[in-house]
Trainee: 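Structure provided below as structure tokens; questions to follow.
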There are 2 protein chains.
Amino acid sequence: MSDTSEQEQPQAKEQPRRRQARGERRIAQLLEAAARVFCTTGYTAASTNAIAREAGVSPGTLYQFFPNKEAIAIELGDRLVHDMRETYGEALAPVDPATPLEEAIGSAIDRFITFNTEHPVFFALMHGPDIPGRMAETHDQLHATLIGRIEGLLASLMPGATPADVTRTAHICLGVYKTGLELVLAHEGAERDAYVQEVKDVLIRYLTPLMGDRPGRD
Amino acid sequence: MSDTSEQEQPQAKEQPRRRQARGERRIAQLLEAAARVFCTTGYTAASTNAIAREAGVSPGTLYQFFPNKEAIAIELGDRLVHDMRETYGEALAPVDPATPLEEAIGSAIDRFITFNTEHPVFFALMHGPDIPGRMAETHDQLHATLIGRIEGLLASLMPGATPADVTRTAHICLGVYKTGLELVLAHEGAERDAYVQEVKDVLIRYLTPLMGDRPGRD
DNA sequence: GACAAATGCGAGTGGTCGCTCGCATTCTTG
DNA sequence: CAAGAATGCGAGCGACCACTCGCATTTGTC
């Protein structure tokens with residue numbers, strides 16, 4: 001019971017693993033291979049042997065660096081979330097309340113869609129239906145962070161709304177974005193751009209009537 | 001190809017299976033059990049042994065009536081689509097072009113959400129990421145039908161739009177509905193109703209500015 | 001009741017997959 | 001260079017799963 005199986009013990013008993021440069025390279029190699037396999041087949045259908053093969057490595061070597069299949073997805077997910085926070089800041093796309101709604105929505109959508117097109121695994125791991133337990137935690141955490149951020153933005157724009165209203169609206173916005181992302185990723189070139197614009201329009205038209213008098217409009 | 005797998009063959013060569021009433025009952029029983037298991041675990045993770053157990057039947061009995069696991073999902077899906085068409089008509093929620101937009105959207109959303117709350121498997125089988133090949137066909141067929149219906153509705157409301165614009169708008173609408181459905185199913189009671197209203201609002205506010213002069217508004 | 005067909009059972013089969021183990025090779029460190 | 005640690009290999013183990021087979025029981029028909 002209560003076995004969280006973390007490698008953080010006050011006693012330095014659990015860290016005889018001195019990693020060599022070769023090992024770090026292998027890990028990166030394996031994670032890239034895993035990303036490709038997860039993208040094409042999804043998490044559950046991806047076999048560890050397939051990941052090892054994709055990385056040009058034997059199954060045994062894979063298990064030299066990862067204790068099990070789930071750990072690969074977790075490490076990949078953690079690195080993605082880390083990259084995301086590093087790229088967009090800890091607060092995830094902070095917005096000045098004075099910016100016009102169109103601009104705020106536009107830049108937020110652009111940021112997240114860019115991130116997703118550059119890291120297709122992110123979508124596969126986060127929105128896949130067959131993600132492992134610990135992965136779901138990472139997802140839920142990110143989800144909660146985003147909802148919180150959106151709530152913060154909306155609260156200042158929806159004067160007469162209850163907290164429940166704000167939360168509900170935030171969930172709708174995130175859901176619309178999520179669906180839009182799916183459609184955007186399914187198209188390319190000009191059509192993709194057109195879909196991006198549609199998603200922005202949906203959100204702008206949805207949110208505009210909710211706001212009271214806009215501060216600093218002129 | 002062109003194997004519709006119906007039990008209607010001119011040559012009586014393929015139908016030595018004279019089904020007894022008991023058999024039909026078992027089939028219904030198995031499909032109900034499969035629906036429950038698919039709902040809780042999804043298609044891929046659902047084991048045929050678990051379905052048989054849920055139905056209070058041995059694995060062998062299951063395979064007396066279904067050639068393989070996929071056939072269970074296909075039969076279930078076909079029956080759901082059949083029910084849907086029977087409930088809402090072949091055209092799937094036809095709308096009089098003279099009805100106001102709010103009313104048209106409202107009734108369509110209500111219909112589909114009701115169907116989904118009454119048949120939770122539908123969502124699990126259609127939006128699950130791990131659906132089998134033939135199941136995807138059923139889904140794509142239904143998807144195309146719905147897109148076509150929405151396009152028909154939008155075409156008369158978007159005077160100056162190209163066909164590509166109409167198609168894109170239709171996909172956005174269906175996507176918004178899909179996301180909304182997810183959120184609606186995740187809540188209950190008054191909160192669920194509130195989400196239903198939000199989804200309707202999103203669509204109404206998205207579509208209203210697209211229309212030119214409304215015909216028959218007087 | 002007699003016979004065949006339909007139904008029912010559950011241990012068993014073949015295949016896949018996550019993961020391990022023993023051993024070889026390469027690197028670091030003194 | 002020597003010793004030990006880190007890395008690398010791939011056959012193979014155990015578990016699980018879709019599916020089968022031989023046989024028992026029930027049902028429809030004459």
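Letters A, B, ... are given to chains in the order of the sequence lines, protein chains preceding strands, and every chain is numbered from 1.
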Trainee: Pairs in or reaching into residues 179-199 of chain B: which pass salt bridge (Lys or Arg N to Asp or Glu O under 4.0 Å), with residues at least two apart or in two chains?
Mentor: A:R168-B:E191, A:K178-B:E182
Trainee: Kindly state each residue pair satisfying side-chain hydrogen bond (donor to acceptor under 3.5 Å, both in side chains) with at least one member in residues 21-31 of chain A, sequence neighbours excluded.
Mentor: A:Q20-A:R22, A:R26-A:Q29
Trainee: Could you give all pairs that pass the salt bridge (Lys or Arg N to Asp or Glu O under 4.0 Å) test and reach residues 124-133 of chain B, with sequence neighbours left out?
Mentor: none
Trainee: Return a single string for nucleotides 23-30 of chain C, one symbol per nucleotide in 5' to 3' order, where B is base contact, S is sugar-phosphate-only contact and - is none, cutoff 4.0 angstrom on heavy atoms.
Mentor: ---BSSS-
Trainee: Counting only non-hydrogen atoms, which of residues 64-77 of chain A are less than 4.0 Å from DNA chain C?
Mentor: A:N68, A:K69
Trainee: Measure from OH on A:Y63 to C1' on D:dT7 and round the result to the nearest Å.
Mentor: 17 Å
Trainee: Looking only at non-hydrogen atoms, find the nearest pair between B:C39 and B:A124 and report the distance.
Mentor: CA-CB, 4.2 Å
Trainee: Tell me, please, which residues at least two apart from A:T87 pass side-chain contact (heavy atoms from CB on, under 4.5 Å).
Mentor: none
Trainee: I need the full list of salt bridge (Lys or Arg N to Asp or Glu O under 4.0 Å) pairs touching residues 55-65 of chain B, with sequence neighbours left out, sorted by first then second residue.
Mentor: none
Trainee: Can you name the side-chain contact (heavy atoms from CB on, under 4.5 Å) partners of A:H139, sequence neighbours left out?
Mentor: A:M126, A:H143
Trainee: Can you tell me if A:R26 touches the phosphate of D:dT7, counting only side-chain N or O atoms and a distance under 4.0 Å to OP1 or OP2?
Mentor: no
Trainee: Give A:G60 one of three labels, base, sugar-phosphate or nothing, depending on what nucleic acid heavy atoms sit under 4.0 Å from its own.
Mentor: base
Trainee: Roughly, in whole Å, what's the span from CZ in A:R25 to C1' in D:dG8?
Mentor: 14 Å
Trainee: Could you tell me which residues satisfy ring-ring contact (aromatic ring centres under 6.0 Å, His included) with A:Y43, sequence neighbours excluded, listed by chain and number?
Mentor: A:F38
Trainee: Quick one, A:I27 and A:E75 - any side-chain contact, counting heavy atoms below 4.5 Å?
Mentor: no
Trainee: Quick one: ring-ring contact (aromatic ring centres under 6.0 Å, His included) partners of A:H187, sequence neighbours excluded?
Mentor: A:Y195
Trainee: List in chain and number order the residues that pass ring-ring contact (aromatic ring centres under 6.0 Å, His included) with B:H127, two or more places apart in sequence or in another chain; answer none if no residue qualifies.
Mentor: B:F123
Trainee: Between atom CG in B:L62 and atom C1' in D:dC21, what is the gap in whole Å?
Mentor: 16 Å
Trainee: Give the residues of residues 27-56 of chain B touching DNA chain C, defined as any heavy atom closer than 4.0 Å, sorted by residue number.
Mentor: none
Trainee: So which nucleotide from D:dC9, C:dC9, D:dA11 ends up closest to the side chain of B:T61?
Mentor: C:dC9
